[in-house]
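Below: the structure, in structure tokens.
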Amino acid sequence: MKKFRRNKLAVAALSVLALMAVVALFAPFFAPYDPGDIGKTALEAPSMLHFFGTDDFGRDVFSRAVYGARISLSVGLVAVSISVLVGFVLGIISGYFGGLTESLIMRFVDIMLSFPSIFLILAVQAILTPNIYNVMVIIGLTSWMGVARLVRAEVLSVKERPYIEAAHVIGASGPRIMFRHILPNVIAPVIVAGTLGMAGAILTESALSFLGLGVQPPLSSWGNMLQDSQAYLRDAPWMALIPGLLILLTVLCIYLVGEGLREEIGR
Amino acid sequence: MYKHVLKRLVSIIPLLIGVSIISFFVMHLAPGDPTALFVDPSVSPHELARIRSNWGLDHPVHVQYFFWLKNVLRGDLGTAYIINRPVTELIAERIPATLLLMATSLFFILLVSIPLGVLSAYKKGRGLDNIISVLSFLGMSIPSFWLALMLMLLFSVKLGFLPSSGMSDPLLADTSLPGKLADIVRHMVLPVLTMVIIGFAGLTRYIRSGTIEVLGQNYIKAARAKGLSERTVLFKHALRNSLLPVITILGMTIPDLFAGAFIIETIFAWPGMGRLGIGAVFSRNYPLIMGIVFISSLLIILGNLAADVLYSVADPRIRTEGKD
Amino acid sequence: MEKILEFQKIEKSFSGHKVLSGVSIGVLDGEIFGLVGESGSGKTTLARIALGLVRPDSGRILYKGAEISVLGQKDLRRALTDMQMIFQDPLAALNPKMTVESAVKEPLIVRNIEKESIMPRLISLLEDVGLSGRFLTRYPSELSGGEAQRVCIARSLAADPKLLILDEPVSSLDFGLQNEILELLMALKERKDLTYMLITHDLMMAEQRCSRIGVMKSGEIIETGSTADIFKRPEQEYTKQLINDAI
Amino acid sequence: MKKTILIVISVFLSACLGCSGSIKTGKNIGTLTFTLGGEVSIINPVLSSDTASSAVEGVIFSGLTKINEDLEIVPDIAKSWTVSADGKTYTFYLRDDVYWHDGEKLTAYDAKFTFDLILDPKVNSVRRGDYIIDGIPIRFEARGPKVLRAMLPKPFAPFLGRVGMGILPKHLLEGKDINTAQFNRAPVGSGPFIFKEWISADRVVVERNPRYFAGAPKIEKIVFKIIPDENARFIALETGQTDVCDIPAKDYKRAKLLKRTNVFEYDSLMYVYLGLNQKREIFSDKKVRQALAYATDKQQLIQLIFNGLASPAYGPMSPVGWTYNDNVEKYDHNVQKAEKLLDEAGWFMGKDGLREKKGKKLEFTILVNQGNKEREKAAVILQWQYKKIGVKANIRVMEWSSLLRILNAKSTEKDFDAVIIGWSLGIDPDSYSIWHSTQYPLGLNFIGYSNRDVDWLLEKGRTTLNRRARKKIYGDIQQIIAEEQPYIFLWYPHSIVAVSDRIGGLSKPGPAGLFVDIEKVYVKENY
């Protein structure tokens with residue numbers, strides 16, 4: 001019964017996310033205005049004409065939020081895919097091969113974890129110049145360490161399971177054991193970690209945008225909408241409220257789904 | 001034990017070298033250079049080239065690195081550009097503010113998350129647990145700078161009873177020591193509050209799951225069977241053991257605290273190291289950046305080491321064996 | 001009859017702790033050899049050494065008369081595909097992410113059997129162990145213990161084994177099922193002309209099923225002989241003790 | 001270029017520093033609190049280049065000359081000066097009553113020491129170039145304690161504006177490494193205020209100098225409070241934590257509503273433009289540049305970015321400068337003319353709504369520096385405006401130092417199409433380094449503008465000392481450049497400064513700021 005209730009929450013969160021994804025995917029269909037149209041009255045409060053009001057350019061905040069969902073969600077998704085991919089490969093390699101390879105990779109992980117990562121992100125962002133793709137890559141490349149550690153630990157534990165021994169007995173080759181037996185059994189916890197990582201990536205994107213290094217205008221992401229709103233906190237609180245709440249809601253839903261998944265897998 | 005600590009201490013060295021190499025080269029790969037700050041219509045490029053060479057920037061990067069490393073081994077982090085002061089001095093000036101902010105926040109984070117985590121575990125699945133869980137998920141989901149701005153808006157602007165920025169009020173410079181301290185405390189409320197709201201959530205979740213696990217273990221059942229009160233079971237037996245992994249988690253939280261403090265410092269104009277560092281990145285003040293990265297990494301690594309040592313000192317097996 | 005598998009003076013220790021000391025026994029072609037002893041006496045380690053999963057510290061292992069303990073890891077596996085093992089916990093021995101179909105098919109694929117003949121062989125293997133085709137798409141989590149053990153047996157048979165090492169093959173199953181699986185194994189032995197090495201702590205079972213028995217204690221074989229001899233005239237105190245306990 | 005500094009100082013004083021004092025307690029009545037938008041890097045006029053530091057230096061140090069509220073060069077430490085007939089020798093006669101804050105007397109030796117310091121290649125001063133003409137340094141000579149002579153290699157009109165540099169005390173700095181001297185952290189000057197304390201990243205405090213030669217200041221103390229965040233700065237003003245605050249245009253109305261606060265709005269010496277890389281094929285065609293000028297709706301820009309609080313720009317000089325020429329081609333917003341010009345230039349509208357010529361789309365990228373909201377906004381609005389005439393403008397926001405690296409690249413073809421940036425002018429109209437064809441690729445003429453008439457006029461302008469003749473020369477330059485539109489001139493920003501009304505004695509609002517004569521500023525009694 002308890003479990004059911006919890007899962008219901010996760011299911012609800014998942015539906016919210018799905019809805020957002022649909023809106024993002026079909027943004028032109030949902031957005032009433034061109035998100036770049038600066039012709040309207042600036043800083044107009046929410047009304048029937050502009051559900052979320054207009055921003056300092058007179059652009060429709062609702063339309064921008066809809067298009068922003070595209071950017072924010074895809075930044076989160078791609079960034080996390082990169083970090084999971086890198087972490088996964090390095091984790092598998094070090095877990096499976098062990099020895100020198102493992103210690104080299106794990107020392108590298110230690111080094112990466114010893115950084116105040118914000119400096120690394122700032123510096124790399126400065127090298128690459130800010131744009132949406134680089135934001136994805138940078139967030140991805142500075143957040144893979146947790147996954148690598150997790151995967152390595154999982155590989156080490158899966159390696160000890162009887163079915164791996166059984167696979168050896170029937171004569172399965174090394175690569176076969178790696179790809180058919182170890183990999184599929186490591187993926188589940190990685191999915192959970194990836195889900196939670198996506199929440200982190202969305203937050204990081206918004207923080208980067210806050211520092212002016214995130215997604216650049218005229219593209220809108222929730223992060224840079226928040227940044228634009230800084231100056232108008234008091235004149236147009238809706239400009240800050242809407243993207244702030246959207247980030248909060250999205251991240252919250254992702255956490256809830258992640259938690260649901262964790263319980264599902266943990267049984 | 002001491003051997004273990006010594007071994008870990010030695011292992012810090014390659015870590016630090018790795019950190020410094022990566023940050024040094026990443027920073028120098030970034031386009032732009034510190035002299036760019038000087039540009040206005042009246043400064044000629046020849047002057048900039050002259051200053052670059054005064055700063056040693058015309059050497060190849062690896063030569064610059066070894067030069068830097070040599071000085072570090074002598075305990076000298078170099079002289080910051082433009083400001084022209086020793087990096088160690090600049091950091092020493094700023095680090096107390098950052099540490100004060102971090103330590104206070106950490107204290108309150110622990111103060112909040114330990115009871116919440118334990119209660120949540122104890123009432124697992126019931127109303128209170130759900131409330132605490134939702135609260136902590138909310139805490140994890142709020143963008144920190146957004147929260148900071150909202151708090152500033154509420155407490156400084158609307159209600160007007162807390163200062164919005166800085167660490168002390170210059171107009172109170174002549175007051176007595178207690179007055180000054182009270183002033184600093186007032187300035188700390190908002191930044192600390194922000195950091196606690198952002199930071200308590202993760203820890204609460206960890207403590208919750210740790211306690212749930214401990215509560216399911218045999219010696220707790222035994223303690224209950226012995227007829228000890230729930231409170232004793234919960235806080236004496238369960239808590240003690242569920243907190244041990246928290247030590248490790250705390251070690252791992254330090255980088256997050258740093259990152260958090262850096263953004264918070266920028267918003268609340270807190271005169272700490274993070275603000276200094278972010279400014280240094282933008283102005284490509286290499287010696288200063290290197291110094292700050294180096295010192296922060298050192299603190300992070302030492303924090304982890306301390307957590308590690310503490311953990312092995314308080315090894316749960318030793319305790320439970322003694323107990324049951 | 002000749003020895004299909006022979007251990008000569010096998011020594012093995014794990015982190016300073018001696019697990020096997022000077023074990024020498026042989027399994028004869030076509031027999032059911034029982035290896036009995038309490039848990040922790042080194043039976044399973046011996047089995048794993050036979051299968052090449054663990055290297056002995058010293059001693060020789062002969063399989064079909066050839067010394068296999070000198071082979072490298074790869075050659076070893078190739079030489080040993082017709083020696084298979086049935087594990088104590090069938091559910092743990094099956095990859096939770098693999099359907100019954102892929103699990104049973106795997107040895108066939110490893111042996112490079114032609115594609116066309118895989119499916120028919122799969123079906124016949126399942127029939128051999130008393131399962132129908134509808135199990136093909138199931139995952140281990142959807143199987144009962146008995147079903148899982150049948151799948152494991154089918155999987156071993158897919159490797160076309162000569163010798164099967166049965167490591168407590170039924171101890172994790174319900175009592176009712178135990179006999180069923182044992183009967184199945186006995187029937188398969190006859191039909192496929194197999195040799196079994198049965199590892200068990202259950203002397204009753206050993207008495208019923210085995211032709212010869214080796215008794216193990218603390219990493220040593222303390223007594224070997226035909227089942228009848230051992231049960232009628234145990235030489236060692238320890239063996240007597242075991243027999244008494246079992247009855 | 002001393003002027004630039006001075007201007008920056010005064011703009012900053014007026015703009016960015018806020019003064020505040022606790023209104024409630026009444027205890028700190030003699031204190032004026034400014035807000036600084038950035039960290040103070042180093043308090044030494046020879047070494048610093050940031051506005052925050054300059055603001056503090058402005059009240060601690062004095063120069064030979066200074067700028068008054070009408071932007072004229074007037075005596076400061078030097079009570080008078082003469083120029084030789086050939087325009088190559090300047091003689092400054094110093095006041096006799098100027099003392100360092102430590103009590104020593106200020107002499108011409110200090111002045112010579114300061115200028116020699118700037119000229120020393122080992123000193124990390126970016127001002128060195130200001131005192132070098134055609135590769136030859138200006139020679140300074142003290143003739144006794146009260147006379148300083150400067151010998152120029154040739155007549156150079158902007159020189160006088162560059163001697164306002166704050167003078168450093170020789171007796172404290174001689175023989176020391178000025179780059180790292182402890183002095184930079186605890187300076188000793190000769191200005192109206194004495195350095196008291198500097199708490200890094202928090203504040204700088206200075207106290208009144210009772211022996212100040214132009215009369216002791218009326219305020220006891222000035223606190224420079226460092227608040228980097230714009231919102232936090234405004235809150236500080238509202239809550240009475242500061243007296244003076246630079247106000248962004250969007251907060252103008254709100255600031256106006258504040259009780260006991262006066263809001264001043266005035267022109268600055270700056271203009272912001274869209275610089276077009278002349279070496280790019282599309283922009284080498286004047287018709288394209290003119291079309292863009294017509295397509296630019298400056299009113300909309302100013303409305304959306306500044307709420308109307310800025311003036312449209314048409315040429316390369318500020319309207320407050322004495323050489324300003326209003327009689328230039330203005331290219332008022334006119335989409336039809338823009339489209340006609342593009343058609344004439346051979347760029348015809350394609351099916352996708354973009355103009356093209358020989359299969360090439362009319363497309364370019366605007367660079368803008370990150371962190372500057374106004375310029376970022378301008379880029380977004382221009383993008384929208386140009387889209388309407390079938391021109392695709394992409395936007396690339398970059399960090400300031402990365403942007404400068406592109407503009408300062410040594411290669412002959414710089415890697416950018418267009419850039420939004422601004423020039424902060426000195427009071428001298430000389431803009432040789434911006435427009436002269438020799439200032440490319442090395443120099444500030446990074447768009448590669450080249451016009452022989454302009455080159456000639458610029459050369460003539462800096463060697464002509466006659467004011468009326470200069471006015472004519474720079475007037476002509478403005479006409480040529482405005483007609484050619486190598487830049488699309490966008491706007492002249494206004495400075496908006498809020499000052500608590502308990503502060504009196506302010507100077508006339510203008511580019512020099514409100515605190516030109518800081519010693520005359522007072523805090524009203526009985527407030």
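Order of the sequence lines fixes the chain letters, A, B, ..., with proteins taken first and strands second; residue numbering starts at 1 for each chain.
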Review point. Can you tell me how far CG of Leu219(A) sits from CD1 of Ile395(D), rounded to the nearest 0.5 angstrom?
Key: 9.0 Å
Can you give the donor-acceptor pairs under 3.5 Å from side chains of residues 24-34 of chain A to other protein atoms, not counting sequence neighbours?
from     : atom 1 : to       : atom 2 : distance (Å)
Tyr33(A) : OH     : Leu49(A) : O      : 3.1
Asp34(A) : OD1    : Gly36(A) : N      : 2.8

Practice item. Kindly indicate, with the supporting measurements, whether the criterion side chain to side chain contact (heavy atoms under 4.5 Å, CB included) is fulfilled by Arg59(A) and Val380(D). Key: CA-CA 11 Å; Arg59(A) 298 176 298 197; Val380(D) 172; 3.6 Å; yes
Check your understanding: Got more than 12 heavy atoms from elsewhere within 6.0 Å of NZ, Lys361(D)?
Key -> yes
Exercise for review: May I ask you to name which of Gln303(D), Lys253(D), Gln383(D) has the most heavy-atom pairs under 4.5 Å with chain A?
Suggested key: Gln383(D)
Review point. Would a 4.5 Å heavy-atom cut-off, applied to side chains only, mark Leu304(D) and Asp56(A) as touching?
Key: no
Practice item. Kindly check if the number of other-residue, nucleotide or ligand heavy atoms within 6.0 Å of NZ (Lys392(D)) is above 12? Key: no
Review point. Is it true that Lys377(D) and Asp228(A) make a salt bridge, defined as a side-chain N closer than 4.0 Å to a carboxylate O?
Key: no
Review point. For the atom pair OH (Tyr232(A)) and CG (Asp251(D)), what is the distance rounded to the nearest 0.5 Å?
Key: 8.5 Å
Review point. Would Gln300(D) and Ile38(A) count as a side chain to side chain contact (heavy atoms under 4.5 Å, CB included) if you check the C-alpha gap in whole Å, the side-chain angles of each, and the deciding distance to 0.1 Å?
Key: CA-CA 10 Å; Gln300(D) 188 183 34; Ile38(A) 58 176; 4.1 Å; yes
Practice item. Using non-hydrogen atoms and a 4.5 Å limit, figure out which bit of Gln385(D) sits close to chain A: side chain, backbone, both or neither. Key: neither
